[in-house]
Amino acid sequence: MRVLVTGGAGFIGSHVVDTLRARGHEPVVYDVRRDPAADVRDPDAVARALAGVDAVCHQAAKVGLGNGVADAADYASHNDLGTAVLVAAMAGAGVRRLVLAGSMVVYGEGRYTCPGHGVVRPGPRAAADLAAGRFEPLCPECGRELAPGLVGEDAPADPRNVYAASKLAQEHLCATWARVTGGAAVSLRYHNVYGPRMPRDTPYAGVASFFRSALARGESPRVFEDGGQRRDFVHVRDVAAANALALEADPAPGELTVYNTGSGEPHTVGETARALAAAHGGPEPVVTGEFRLGDVRHITADSSRLRAALNWRPETGFASGMREFAHADLRAD
C-alpha cells in the first residue's frame, strides 16, 4: 500500500513511517520539515502529493495546550484548515482510506463517579480553586469527592481548550468526508504519547517532554498542581503500530470509526516525573503547585475497543518505556 503520511518527519509521524516500511508498505513523507512547500494547507501541493496514493495517515498538526485563545487562529489554520484541504483533495483524487491522529483531549475531563449521583461530568475547574490548591473536581450535584475512571469512545465530547476544539473539528471534517465520498476514516484518539524523537524545550510537546528536557539540562522536572493528575502514557512505537493496523484493516465505509489509543495503565504525572528522574540519575522532581487553566485533572480512557477490533496490544510497559525515554534522543523541533 502506498501511504501518504502528513507530518511524516515529525515525532509520531516518523515512527509511523518506520513501521509502515517495516510492514512492507510504501510510505510517502509529506512534511514542511523536509520541504517548505509541503504545507497541508496548500491545495495544489496536497493534490500533487496524492498522486498514486492508496491511503492517507494524517499526523500533521499543531499540538499542545497553547496559550489560552491567543493562538486560536493558528490552531484552526494548521489543524482544521489543513484537514479540510486534505479531505477535499482526497475526494478529488479518489483516495478513500484515511487514518487521523486524534486525541483524548476531545473528552475534556475524564469519567467520574459520585457516591450519591453515579457517573457525573464536572465542569471546568475554577481559577480560584486551583490557586487555593483545590485541584480535584467535585460532584456538580452535591459537591462530594469523585472517583476517576476510564472514559469510553461513546462519551460526549467536551473540549476544554483551543487545541482540543481543533482536534474535535478535525474528526467532524473526516466524518463528513467519509459520508460524502463513501470513504473509510479512523480516528485514533491518542493518549500521552512519549518516546524517542520527542521534541525538546517546547511548550507544545507534552509533559513527558517537559520533564525529559529539564533532566537533560541538569534541572529538576517541575510538576504542576500536586502531581496527582492521572494520565495514560503510551509509547510512540505502540501508537505507530496502531496506525499501521488501522490502515490495513477494513473499517466501515461512509463513516468515522473512533478508537481510544492508550496503554491501559494509568499513572500520575508525579509518578512519571519520579520514574524519569530515577532512570536519568536525577535531579529529583519539584512539585510546584502551579497550574494552567484549560488543563484537566484526570483523563484516562478505555482502549479495549481498539484491542478487540484490530488485535492491537501495546508492547512497551511504563517502567521499561520510561527507562528508555530517560536517555533517548530528543528532537530540536
Side-chain angles (χ1 to χ4, degrees), residues 1-31 33-34 40 49-50 52-61 63 83 86-87 90 95-104 153 167 170-171 174 177-178 183-198 232-253 255-265 301-317 320-321 324-325 328 331:
M1 189 187 310
R2 194 164 192 257
V3 182
L4 183 70
V5 184
T6 69
F11 165 45
I12 299 175
S14 65
H15 285 276
V16 171
V17 167
D18 289 348
T19 298
L20 289 174
R21 188 172 289 122
R23 295 172 75 95
H25 300 294
E26 182 187 353
V28 179
V29 174
Y30 187 85
D31 196 308
R33 297 174 183 84
R34 290 264 187 97
V40 76
L50 286 169
V53 162
D54 302 302
V56 173
C57 188
H58 186 29
Q59 303 294 317
V63 301
T83 302
L86 175 65
V87 296
M90 290 177 64
V95 180
R96 297 292 182 262
R97 186 178 293 262
L98 172 64
V99 173
L100 171 70
S103 175
M104 53 81 190
E153 290 91 346
K167 296 304 290 184
Q170 283 187 304
E171 289 194 348
C174 293
W177 166 83
V186 172
S187 178
L188 298 175
R189 288 178 174 170
Y190 300 162
H191 275 262
N192 292 68
V193 186
Y194 74 98
R197 306 176 203 160
M198 201 171 191
D232 184 326
F233 294 90
V234 58
H235 197 278
V236 67
R237 288 192 296 268
D238 291 324
V239 168
N243 275 272
L245 289 169
L247 286 163
E248 294 166 354
D250 291 316
E255 63 184 60
L256 174 72
T257 303
V258 174
Y259 295 117
N260 291 332
T261 307
S263 72
E265 300 179 25
D302 181 357
S303 299
S304 59
R305 180 184 291 182
L306 174 63
R307 296 171 185 240
L310 301 185
N311 197 28
W312 173 80
R313 296 290 185 276
E315 296 184 355
T316 303
S320 61
E324 176 199 28
F325 185 50
R331 300 170 61 93

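Heavy-atom minimum distance, Ala185 versus Cys174: CB-O, 4.1 Å. Taking each heavy atom of Val5 and Pro27 in turn, the nearest pair found is CG2-CB, 4.3 Å. Contact record, Asn243 with Val99: OD1-CG1, 3.5 Å, taken as the closest heavy-atom pair. The shortest heavy-atom contact between Leu247 and Val56 is CD2-O, 4.0 Å. Closest heavy-atom contact between Leu4 and Tyr30: CD1-CB, 3.7 Å. The heavy-atom pair separating Trp177 from Val87 by the smallest distance is CD1-O, 3.3 Å.
Residues Phe11 and Val193 meet the side-chain proximity criterion, which asks for heavy atoms closer than 4.5 Å. Taking 4.5 Å as the limit, every side-chain heavy atom of Met198 sits out of range of all side-chain heavy atoms of Val236. Between Ser263 and Asp238, the closest side-chain pair of non-hydrogen atoms is not below 4.5 Å. Taking the side chain as every heavy atom from C-beta outward, Asp250 and Arg97 approach each other to under 4.5 Å. Contact of the Met104 side chain with the Asn192 side chain is registered, since non-hydrogen atoms from C-beta on lie closer than 4.5 Å.
Counting only distance, with no hydrogens or angles, the side chain of Lys167 and the backbone of Val63 share no donor-acceptor pair below 3.5 Å. At distances below 3.5 Å, not a single donor-acceptor pair connects side-chain atoms of Thr316 with backbone N or O atoms of Gly321.
Note that the NE2 atom of His191 and the CZ atom of Phe233 stand 11.0 Å from one another [nearest 0.5 Å]. Rounded to the nearest 0.5 Å, atoms CG (Leu86) and CG (Leu50) are 6.5 Å apart. Remark: Arg189 CZ to Asn260 CG distance equals 6.5 Å, nearest 0.5 Å. We find the OG1-CD1 distance between Thr19 and Ile12 to be 11.5 Å, quoted to the nearest 0.5 Å. The distance from the OG1 atom of Thr257 to the CG atom of Leu310 is 9.0 Å, given to the nearest 0.5 Å. Atom CE of Met1 is separated from atom NE2 of His25 by 5.0 Å, given to the nearest 0.5 angstrom.
Within a 6.0 Å sphere centred on CD of Glu248, other residues, nucleotides and ligands contribute more than 12 heavy atoms. Heavy-atom neighbours of Arg313 CZ from other residues, nucleotides or ligands within 6.0 Å: above the threshold of 12.
Under the rule for a side-chain contact (heavy atoms from CB on, under 4.5 Å), the partners of Ala241 that lie at least two apart in sequence or sit in another chain are Trp312. Scanning for ring pair (Phe, Tyr, Trp, His ring centres under 6.0 Å) contacts around His235 gives Tyr194, with sequence neighbours left out. Remark: Asp302 engages no residue in a salt bridge (Lys or Arg N to Asp or Glu O under 4.0 Å) (not counting sequence neighbours).
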For a side chain to side chain contact (heavy atoms under 4.5 Å, CB included) check, start with the C-alpha distance between Leu188 and Val239, then their side-chain angles and the critical distance, and finish with the verdict. CA-CA 9 Å; Leu188 298 175; Val239 168; 5.9 Å; no

Taking it one step at a time, do His15 and Arg197 satisfy side chain to side chain contact (heavy atoms under 4.5 Å, CB included)? CA-CA 9 Å; His15 285 276; Arg197 306 176 203 160; 3.7 Å; yes

List the steps and the verdict of side chain to side chain contact (heavy atoms under 4.5 Å, CB included) for Val40 and Gln59. CA-CA 10 Å; Val40 76; Gln59 303 294 317; over 6 Å; no

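Between the side chains of His58 and Thr83, at least one donor N or O lies within less than 3.5 Å of an accepting N or O.
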